[in-house]
Amino acid sequence: MPVLGIESTAHTASVGIVTDTAEVLAIASDMHRPLQGGIHPREAANHHVEVLPGLVERALATAKLRPSELDAVAFAQGPGLGPCLRAGATVARTLALLWDRPLVPVNHCVAHVEIARVLSGMEDPLLLYASGGNTQIIAYGAGRYRVLGETLDIGIGNFLDKLWIALGGSFPGGPEIEKEALRGSELLTLPYSVHGMDVAFSGMYTAGLALHEKGASRPDLAYSTEVTAYAMLTEITERALAHRRRDEVVLGGGVACNQRLQGMVRTMVEGRGGRSYAPPRSLCVDNGAMIAWTGHLALRAGAVAPVEASAVDPRQRTDKVTTPWRP
Ligand code: AMP
Ligand code: MG
């Protein structure tokens with residue numbers, strides 16, 4: 001039977017319904033777009049509270065299902081913005097009680113891995129998770145998903161968005177930079193900040209603005225930013241593959257929709273005799289379907305939570321949660 005999953009960790013409220021063979025029956029999403037500046041957690045949470053009931057109805061209608069035909073209600077427990085997480089969790093608890101279904105908490109990062117893993121058919125890939133707030137290399141080992149490397153300052157998506165706004169562009173910056181970069185030709189020198197399997201972006205932000213003030217064009221800046229930042233991610237992914245003796249990579253997160261990044265990772269992995277996979281956009285960005293699918297895995301392993309023990313955890317680390325469905 002299908003599971004309904006609720007995602008609300010940041011700016012996107014989303015409801016997905018997925019069968020136990022990972023067939024996606026429905027995804028209904030609504031993204032909070034602030035009128036100006038970045039997202040305010042309280043405003044995003046208000047948005048989620050407003051839209052989630054309608055998204056649940058829409059997802060059920062698309063999947064042509066009644067609540068009694070669902071196996072469980074899953075929700076993203078963390079990591080994320082506290083008020084946003086609580087909005088989704090409150091809706092999930094209400095539905096679980098109302099429909100008398102088990103409640104299944106799911107880690108958001110683990111959900112990105114699991115949806116990509118089942119879609120790719122790969123047994124044990126590494127995940128390059130590149131989104132607004134997160135930039136991590138994740139691999140499974142001894143009962144948990146482990147973070148091998150990550151950003152030491154801001155997430156790559158937030159970096160791209162911030163830089164683009166400072167250059168006079170609009171939010172979200174990542175896809176705009178991708179378009180503008182196609183018109184760039186000169187590779188400008190930007191700080192390349194790799195520390196073992198970690199990366200940092202704030203130096204590139206400062207240097208990008210300084211170059212702009214000296215007259216560097218937006219297309220060249222966009223091109224150089226993409227090449228430099230994505231080379232950093234490709235390098236740490238390769239290092240992680242080498243250390244973990246793996247040859248498969250899946251991608252997840254909004255920035256992972258980027259064609260240049262996907263191409264660079266693919267070239268690197270195939271050069272090592274391996275394979276890479278990026279889910280289609282709807283399943284790569286934050287979505288309820290990945291929560292629903294991971295809910296299935298957790299449910300099968302008995303990882304349900306009574307309402308009173310289902311508190312959200314804004315700082316829930318990937319390696320803090322167990323994954324009893326993995327051998
Ligand atoms: P997420 O946090 O996973 O919802 O992803 C949102 C982030 O992905 C934002 O920072 C966007 O700028 C970024 N993003 C979305 N599409 C692209 C793209 N095609 N290339 C680079 N970044 C992107
Ligand atoms: Mg995400």
Side-chain angles (χ1 to χ4, degrees), residues 10-12 31-39 112 128-137 149-195 198-238 249 251-269 276 278-282 284-286:
H11 46 54
T12 300
M31 186 175 158
H32 169 61
R33 290 173 199 277
L35 293 175
Q36 54 175 15
I39 65 171
H112 273 295
L128 170 58
Y129 177 28
S131 71
N134 294 291
T135 308
Q136 298 182 328
I137 305 281
E150 62 191 313
T151 178
L152 298 174
D153 45 30
I154 56 174
I156 182 158
N158 290 351
F159 155 66
L160 295 170
D161 295 340
K162 244 180 91 167
L163 177 69
W164 194 240
I165 288 168
L167 294 177
S170 57
F171 179 87
E176 297 285 313
I177 291 179
E178 179 167 34
K179 267 187 244 148
E180 193 83 340
L182 297 175
R183 305 199 297 120
S185 54
E186 195 191 339
L187 184 59
L188 308 165
T189 305
L190 292 168
Y192 184 92
S193 202
V194 168
H195 309 270
D198 296 328
V199 287
F201 298 106
S202 48
M204 212 189 301
Y205 174 78
T206 311
L209 291 193
L211 283 172
H212 185 57
E213 272 164 28
K214 283 192 206 137
S217 74
R218 285 215 306 189
D220 284 345
L221 277 169
Y223 170 65
S224 309
T225 300
E226 281 212 330
V227 169
T228 310
Y230 298 155
M232 286 162 47
L233 295 187
T234 307
E235 180 183 332
I236 62 167
T237 307
E238 179 162 30
V249 177
L251 289 93
V255 182
C257 300
N258 186 279
Q259 293 300 310
R260 188 187 306 273
L261 176 60
Q262 289 184 12
M264 288 168 76
V265 170
R266 192 183 318 118
T267 304
M268 178 275 289
V269 179
S276 69
R281 185 171 182 93
S282 61
C284 206
V285 299
D286 290 349

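None of these values were measured; they are calculated from a predicted model.
The side chain to side chain contact (heavy atoms under 4.5 Å, CB included) search around Asn134 returns Tyr129, Ser131, not counting sequence neighbours.
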Would Ile39 and His32 count as a side-chain contact (heavy atoms from CB on, under 4.5 Å) here? Give the steps. CA-CA 8 Å; Ile39 65 171; His32 169 61; 4.2 Å; yes
Val199 vs Leu152, side-chain contact (heavy atoms from CB on, under 4.5 Å): CA-CA, chis, key distance, verdict: CA-CA 6 Å; Val199 287; Leu152 298 174; over 6 Å; no
Would Cys257 and Val285 satisfy side-chain contact (heavy atoms from CB on, under 4.5 Å), going step by step from the backbone distance to the final call? CA-CA 8 Å; Cys257 300; Val285 299; 4.0 Å; yes
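One finds the CG atom of Leu128 at 6.0 Å from the CG atom of Leu261 (value rounded to the nearest 0.5 Å). Rounding to the nearest 0.5 angstrom, the gap separating the CG atom in Leu190 from the OG1 atom in Thr206 is 11.0 Å. Rounded to the nearest 0.5 Å, atoms CD1 (Ile156) and CZ (Phe159) are 7.0 Å apart. For the atom pair CE of Met31 and CZ of Arg33, the computed distance is 4.5 Å after rounding to the nearest 0.5 Å. One distance of note links CD of Gln262 with SG of Cys284; it measures 6.5 Å at 0.5 Å rounding. Rounded to the nearest 0.5 Å, atoms CE (Met204) and OG1 (Thr228) are 5.5 Å apart.
A side-chain donor from one of Asp286 and His112 sits under 3.5 Å from a side-chain acceptor of the other.
Taking every heavy atom of both residues into account, Ser276 and Arg266 meet most closely at OG-CA, 3.5 Å. Nearest heavy atom pair, residue Arg260 against residue Glu178, reads N-OE2, 4.1 Å. The minimum heavy-atom distance between Tyr205 and Ala166, with the atom names listed, is OH-CB, 3.8 Å.
With hydrogens and angles ignored, the 3.5 Å screen pairs no side-chain donor or acceptor of Asp161 with any backbone N or O of Pro172.
Looking only at side-chain heavy atoms (C-beta outward), Glu150 and Asp198 come within less than 4.5 Å of each other. When side chains are defined from C-beta on, Val227 counts as touching Leu187, because their heavy atoms get closer than 4.5 Å.
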Pairs of donor and acceptor atoms involving the side chains of residues 207-225, under 3.5 Å and at least two apart or interchain, shall be tabulated with distances.
residue, atom, partner, partner atom, Å
His212, ND1, Ala216, O, 3.4
Ser217, OG, Asp220, N, 3.2
Ser217, OG, Asp220, OD2, 3.4
Arg218, NH1, Leu167, O, 3.1
Asp220, OD1, Ser185, N, 2.9
Asp220, OD1, Glu186, N, 3.1
Ser224, OG, Glu186, O, 3.2
Ser224, OG, Leu188, N, 2.9
Ser224, OG, Asp220, O, 2.7
Thr225, OG1, Leu221, O, 2.6

Between side-chain atoms of residues 231-238 and protein atoms elsewhere (two or more places apart, or another chain), which donor-acceptor pairs fall under 3.5 Å?
residue, atom, partner, partner atom, Å
Thr234, OG1, Tyr230, O, 2.6
Glu235, OE1, Tyr192, OH, 2.6
Glu235, OE2, Arg239, NH1, 3.2
Glu235, OE2, Arg239, NH2, 2.6
Thr237, OG1, Leu233, O, 2.6
Glu238, OE2, Arg272, NH1, 3.1

